[in-house]
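This report refers to the structure that appears directly beneath it.
Numbered from 1 within each chain, the chains take letters A, B, ... in sequence-line order. On a predicted model such as this, the values are computed, not experimentally measured, just so you know.
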Amino acid sequence: MAGFFNLPSSRATTKKDQQLLKKVTQPIQDNNIKLKGSGKLIDRIQAACSFVKSKFEGKEDSLLLIREEQSLIDYIDKAIENNRISIDTETTGLNTILDDIVGICIHTEGLKPAYIPINHVSYITNVKCNDQLPVDFIREQFQRLVDADVKTYWFNAPFDIKILGNHVGVWFTPYWDCYIAAMCLNSDEKKGEKSLKDLRNKYCNDGKGEVLTFGKLFEGIPFNLIPIDVAYLYAAHDAIYTDELADFQAQYLEPNGIYYESHNMQGVSNVFFNIEMKSMPTFIAMENLGTAIDYEHAKKIQEKYHKLTDTMQQNLDNVLEDYMGQIDEYRRSHPGCKLSDPINLGSTQQLAIVLYDILGLKSPDKEKPRGTDKEILEQLDHPLCNAISDVRKFKKVVSTYIDKMPEEASKYPDKRIHCKFNQYGAETGRVSSDSPNLQNIPSRSFKLKDGTEIDSGHDVRQLFTASPGYIMLSCDYSGQEVRVTAHLSQDEKMIQAYKDGKDVYSEIASIIFNVPYEECCEKRPDGTYSKEGKERRATAKPVVLGILYGRGIASIGEQLHKNRKEAQAIYDKVLAKFPGLAMFLEESEDMAREYGYVTTVWGRRRQLPAMQLPYYEFTYKNGMTPDFDPLSDEETNYSTEVPEEEVRRLTNRLLRCNYKERELIKEKIRQSGINIKDNTGHIAKAKREVVNSRVQGSSADLTKLAQIELFNHKELKELGFRMLIPVHDEIIAECPVENAKRCAELMSQCMINAGRDLCVPLTCDVELFYSWYGESIDVNTL
DNA sequence: CAGCTATGCGCC
DNA sequence: AAAGGGCGCATAGCTG
């Protein structure tokens, strides 16, 4: 294995290399790969091939190409014996359902990394290449790994697992995903530098070899067109990189790892193995199953919303008519201005010109003098702004949801919508979703300027429907984040409130509105529904979350329509009522400052390096200290380092003065030959992230634990229960209609059980629908 | 032409 | 002085 990395330099350092690289990275002129005459593509393939071959000359024997049955059998035997294998797939694209598998890279200790070609096609004849093992045989062999429960190592496991599942027919349960491990170990891994190669170079390369940088080589060339004898040279790396990276990570994450104890990795290891790796199959299952779409309903609302969009656009055009004179006038007097012809009010730049330069309006938001967001448009309350607001709302909902969802689903043979869940989508540990994002589907209605209410929440959500014979279940944690906060803070009053079956949002609403607790609940003590109570609670909710996420007093006041003083009083009163909460806010900050990270209930970490930065950093310009002597030979003479004492003095001076003075003092310091790096902004942001990360991260942990519980529940499985979409504190699922009652009970029970480690009770609300957010079905009527 | 950023906005 | 956190996506507009 060590010898494998003694490769010749893979960087395009020679002139010839550079020319070759340039050639192969030229854009493809003709994307129609079926066309034999697509000369450009053929040129690029040939160029890429000769480049790879020249780089690997003489090294072909360090890699194994598996084209015979016995060869694969032997390899699988060895992997079973080792109880470990790394797997990586090569495909024609990134869609695990629509694209196809091209080959598989595997590696196990004691054998060379190997490549199994499956679907390579000659780029000249467009005919499938010879000597590729049949898929049925590969399935049989890989199934042996599954049956023997061999530990499988991957990078971005869900992708490869779905590819192998959908196109080879074998479903793996992953043991180790290096990507997820990397995020658990350092959630701060820089964006865009999270690829296998990036991470492997960062942590395993120790300068012992150059980076293989021909990742771009095959960009735009479908991998199945790369000749096998070239493909295997390139492809077999990934499995071995996976191994290297996993070995590095295991030093921290495996209980017998050398850094496990010394770095207190118990919590992180728990999150990796018992939350992340265990919940991974739940995401894989949801992505592959997808969600049914109600195409009839889609057609109906498409008609309705397109028509209304046209009406709104027409209305805007009419209003605009009145101002065309002024606009044309401006065009004449400002040649070369950015107004297009015809004018595009969807452009924020052009709209700003109209509002602020032509109409002479003044932004109500001092921070955004040329802002055009909905708050500003609303406050301007100008006929043009009002018309634009209406158009925007419709365009958003039509383009992002109503037109998009059916279109997205139609791509798939099963006509269901298959999004992607990014299990570690947020640095806090939250899941995100894309292609399409199913976690931001409208849930509320919006109002038009004329007062008409458009119920986009119901209209759009009902696009998502239960499979035939099934019914949808939606179950959400009530007050998930605040309950988690009660546990994290160990605030006795909060805990007691929950133990008494009270709602903390309502408790805080009673402080804000200065009315008894009972008048701040959605339901009165007699069980009847209270509109005012619900509203008060609903007002308190963002205030509570605001406090948790470091929202400023002024901003809280704004939301409550109170002045700064009143808002401060409310803030103080809330913290006085829950002293443990106040302490939690402080202690979390201390934790971040001391360790550089904060933790969740279950041990997840989020790195916040800004918390350990000094407020200001100073360096002497040009490395010249004030006593710089150009004739001196002493090296210290060139130091850029400002003495500690001086740093302290300057920092104090900057911190103590007010905002106005600060810029002046900064300028003075600069003039004295010192550069200033101001970290106060980063630190302030990190301070706000501190508490949020703990609360949001713990909530994410809890929801993932719930998914695990639901997925592995034997009875639920037998009842045909299956999850569809997790939406942060809520899980959408479906089950056969006849099992609805039992599934609803179990669903709620599982989700509550998932939080058994918390010191507060949890409550979950289940609802049943035939379509998401459609008419609520009473279990007893089924 | 793709790929990037800025702005705005949907959700929890 | 004032500052809410976490996402993904559509559109406009710029760049290479």
Rounded off to whole Å, could you give me the [atom1]-to-[atom2] distance for the [X] and [N] pair?
X: A:His458; N: B:dG10; atom1: NE2; atom2: C1'; answer: 17 Å
X: A:Ile732; N: B:dC12; atom1: CD1; atom2: C1'; answer: 12 Å
X: A:Arg551; N: C:dG6; atom1: CZ; atom2: C1'; answer: 15 Å
X: A:Leu351; N: C:dG13; atom1: CG; atom2: C1'; answer: 15 Å
X: A:Gln439; N: C:dC9; atom1: CD; atom2: P; answer: 11 Å
X: A:Ile376; N: B:dG8; atom1: CD1; atom2: P; answer: 7 Å
X: A:Ile725; N: B:dG10; atom1: CD1; atom2: C1'; answer: 15 Å

Parallel, tilted or perpendicular: ring planes of A:Phe446 versus A:Phe394, cut at 30 and 60 degrees: perpendicular

Parallel, tilted or perpendicular: ring planes of A:Phe769 versus A:Tyr773, cut at 30 and 60 degrees: perpendicular

Would you find more than 12 non-hydrogen atoms of other residues, nucleotides or ligands less than 6.0 Å from [X] atom [atom1]?
X: A:Gln379; atom1: CD; value: yes
X: A:His682; atom1: NE2; value: no
X: A:Lys534; atom1: NZ; value: no
X: A:Tyr615; atom1: OH; value: no

[X] side-chain proximity, nearest of [options]:
X: A:Arg461; options: B:dC12, C:dA1, C:dC9; answer: B:dC12
X: A:Lys338; options: B:dC12, C:dC14, B:dC11; answer: C:dC14
X: A:Asp373; options: B:dC12, B:dC9, C:dG4; answer: B:dC9
X: A:Asp434; options: B:dG8, B:dC9, C:dG8; answer: C:dG8
X: A:Ser432; options: B:dT7, C:dC7, C:dC9; answer: C:dC7
X: A:Lys685; options: B:dG8, C:dC7, C:dG5; answer: C:dG5
X: A:Ser347; options: C:dG6, B:dC11, C:dG13; answer: C:dG13
X: A:Gln349; options: C:dG13, C:dC9, C:dG6; answer: C:dG13

Measuring to OP1 and OP2 of [N], would you say a side-chain N or O of [X] lies under 4.0 angstrom away?
X: A:Ser555; N: C:dG4; value: yes
X: A:Lys368; N: C:dA2; value: no
X: A:Arg444; N: B:dC9; value: no
X: A:Asn344; N: C:dA12; value: yes
X: A:Gln350; N: C:dG13; value: yes
X: A:Ser443; N: B:dC11; value: yes
X: A:Lys404; N: C:dA10; value: yes

Quick one: label [X] by what it contacts on the DNA or RNA (base, sugar-phosphate, nothing), any heavy atom closer than 4.0 Å.
X: A:Ser433; value: sugar-phosphate
X: A:Lys395; value: nothing
X: A:Gly681; value: nothing
X: A:Glu367; value: nothing
X: A:Ser699; value: nothing
X: A:Ala684; value: base
X: A:Leu545; value: base
X: A:Ser456; value: nothing
X: A:Asn422; value: sugar-phosphate
X: A:Arg370; value: nothing
X: A:Glu689; value: sugar-phosphate
X: A:Gln480; value: nothing
X: A:Lys393; value: nothing
X: A:Lys660; value: nothing

Decide yes or no, distance alone: a donor-acceptor N/O pair under 3.5 angstrom between the base of [N] and the side-chain of [X].
X: A:Asn437; N: C:dG8; answer: no
X: A:Arg430; N: B:dC12; answer: yes
X: A:Lys396; N: B:dC9; answer: yes
X: A:Arg688; N: C:dG4; answer: no

Steps toward salt bridge (charged side-chain N to carboxylate O under 4.0 Å, His left out) verdict (A:Glu408, A:Lys411): CA-CA 6 Å; A:Glu408 195 71 31; A:Lys411 296 199 300 200; 3.0 Å; yes

C:dA2 to B:dG10 separation - P atoms, rounded to the nearest Å: 28 Å

Value rounded to 0.5 Å, distance of OG in A:Ser432 from CG in A:Leu438: 11.5 Å

